[in-house]
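For reference, the structure is listed below as structure tokens.
Since we're looking at a predicted model, the values are computed, not measured.
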Amino acid sequence: MNMNQMASLTCSSSSSFSTKLPLHSSTPLKRRRRRSNHDFLRMVTRSCLDDSSALLRAAQYTVCLRNLNSQFCSFQSLQLCNLLSVINVDTYVKSGMVVGLGSGHASGMAIQHLGRQLRTGNLKDIVGIPMSVASASEAAKSGIPLDTYQDSTQIDFAFDDADAIEEGTLVAIIGRRKLQSEESIVQEKSILYAANKLVFIIEENQYKGGLEGSIPVLIQSPTWLATAEEIDDIFLGDAEVWRRPAIGQAGPLGGDFPLVTKEGCNVLDLIFTSPIASLAEVAKRLDTVDGVVDHGVVSKIPCTVVIASPNGMKILDKLTADIVG
């Protein structure tokens with residue numbers, strides 16, 4: 001699909017509907033607690049001015065032209081600009097960069113802000129690599145030149161929303177949103193991992209330990225049921241396995257309209273009903289299952305997380321791998 005076609009489509013951010021599979025097993029999941037070395041995290045916290053949208057501030061910060069010699073900033077408040085210069089004197093986005101454009105509400109605002117930077121001349125020669133139909137559409141409306149992702153594409157910087165981020169490790173979950181058949185978590189993760197610098201934009205309630213909820217898992221369609229049963233066996237007692245439909249409610253066998261990604265994969269939602277001790281351990285177990293193509297767990301080094309809250313903005317940097325014991 002070319003970028004003009006992608007830009008003409010829209011993508012809903014609403015949650016998908018699923019129906020629980022009647023899967024059974026006898027082997028419980030055994031987890032071990034992890035001991036993390038938090039020295040690899042750098043956290044900067046500053047209170048921000050009152051604003052109607054903390055997430056908007058975080059999105060703007062992510063693509064704001066920042067360096068010590070810069071005379072511009074598109075924030076309406078000069079005081080807030082000065083505050084951000086204290087938080088981070090590095091420039092996330094510079095002229096001439098190839099930028100991965102994420103999906104979600106915050107990413108949409110960041111794309112709009114990036115477009116304004118281009119129109120005002122603060123940035124020049126930016127090329128966007130959209131991660132979804134929605135981000136392609138928003139970028140086209142904002143006047144950002146687009147290109148398609150290839151395996152050899154060099155990406156200088158990328159930003160994205162995350163559904164949740166594990167406290168301490170900064171391991172993220174993506175892909176809970178409703179997907180179009182033309183897009184996939186595989187491409188989104190490929191862009192994230194290809195980026196030299198990655199920033200996730202989230203709200204503070206999305207950053208915590210002991211995460212619950214779903215992790216999307218992409219599996220080979222012809223053998224989806226056997227793969228689903230194996231996953232159910234591994235996580236028995238901790239999670240339920242549901243097959244995601246494209247429309248309507250899916251039956252035990254996926255219904256008449258199961259979701260099929262552009263790679264020809266079905267999507268399972270691995271829904272945890274108890275706190276997850278370690279996202280990295282879940283990803284490791286999923287990677288060993290035959291038929292699993294990819295999943296929504298992202299562990300990227302280095303990685304920065306911008307956390308928006310009404311009381312301030314936190315910036316966390318993951319510089320090195322943590323220690324698991």
Side-chain angles (χ1 to χ4, degrees), residues 1-13 48 51-67 70-78 80-81 84-85 87-88 90-149 153-162 174 177 180 182-183 187-188 191-192 194-203 304 306 308 313 315:
M1 171 178 289
N2 59 42
M3 299 318 306
N4 291 332
Q5 290 173 314
M6 290 181 68
S8 68
L9 299 174
T10 59
C11 178
S12 170
S13 61
C48 295
D51 192 284
S52 60
S53 174
L55 198 60
L56 176 60
R57 291 198 302 269
Q60 290 177 327
Y61 167 74
T62 300
V63 296
C64 184
L65 182 65
R66 287 294 334 141
N67 60 54
S70 174
Q71 299 300 313
F72 329 100
C73 185
S74 69
F75 282 97
Q76 295 179 352
S77 168
L78 179 60
L80 182 55
C81 258
L84 294 181
S85 70
I87 293 175
N88 192 340
D90 295 328
T91 303
Y92 280 152
V93 181
K94 297 179 181 179
S95 294
M97 275 190 170
V98 177
V99 180
L101 308 176
S103 298
H105 184 50
S107 292
M109 291 188 291
I111 290 170
Q112 293 171 11
H113 188 65
L114 184 57
R116 287 192 292 271
Q117 293 281 348
L118 286 170
R119 291 194 298 274
T120 58
N122 289 351
L123 291 173
K124 297 179 180 178
D125 302 321
I126 296 294
V127 175
I129 307 294
M131 300 183 196
S132 70
V133 173
S135 57
S137 177
E138 193 62 59
K141 290 187 291 185
S142 299
I144 300 174
L146 298 177
D147 199 358
T148 55
Y149 175 75
T153 301
Q154 298 295 312
I155 299 175
D156 301 297
F157 173 74
F159 59 83
D160 199 7
D161 286 45
I174 64 170
R177 72 183 188 276
Q180 300 286 336
E182 298 86 2
E183 61 191 20
Q187 177 169 308
E188 185 173 356
I191 294 172
L192 295 178
N196 292 332
K197 177 71 175 178
L198 169 64
V199 172
F200 282 115
I201 314 168
I202 61 170
E203 296 181 86
T304 296
V306 177
M313 186 162 53
I315 296 88

Reported [atom1]-to-[atom2] distance for the pair [X] and [Y], which is rounded to 0.5 angstrom:
| X | Y | atom1 | atom2 | answer |
| --- | --- | --- | --- | --- |
| Ile201 | Thr304 | CD1 | OG1 | 11.5 Å |
| Glu138 | Ile144 | CD | CD1 | 8.5 Å |
| Lys94 | Asp156 | NZ | CG | 10.0 Å |
| Met109 | Ile111 | CE | CD1 | 11.0 Å |
| Ser142 | Leu114 | OG | CG | 8.0 Å |
| Glu203 | His105 | CD | NE2 | 7.5 Å |

Taking side-chain contact (heavy atoms from CB on, under 4.5 Å) as the test, write out the residues that go with [X], two or more places apart.
| X | result |
| --- | --- |
| Ala162 | Ile165, Ala172, Phe200, Ile202 |
| Thr153 | Ile129, Tyr149, Gln150, Ile155 |
| Ser107 | Phe159, Asp160, Asp161 |

Check [X] against [Y] and note the closest heavy-atom contact, atom names and distance.
| X | Y | answer |
| --- | --- | --- |
| Phe157 | Tyr92 | CG-O, 3.7 Å |
| Gln187 | Pro130 | NE2-O, 3.7 Å |
| Gly102 | Ser135 | O-CB, 3.1 Å |

- Query: Passes side-chain contact (heavy atoms from CB on, under 4.5 Å), Leu123 versus Met97? Steps please.
  - Reply: CA-CA 9 Å; Leu123 291 173; Met97 275 190 170; over 6 Å; no
- Looking at side-chain heavy atoms only, is the closest gap between Leu101 and Leu146 below 4.5 Å? yes
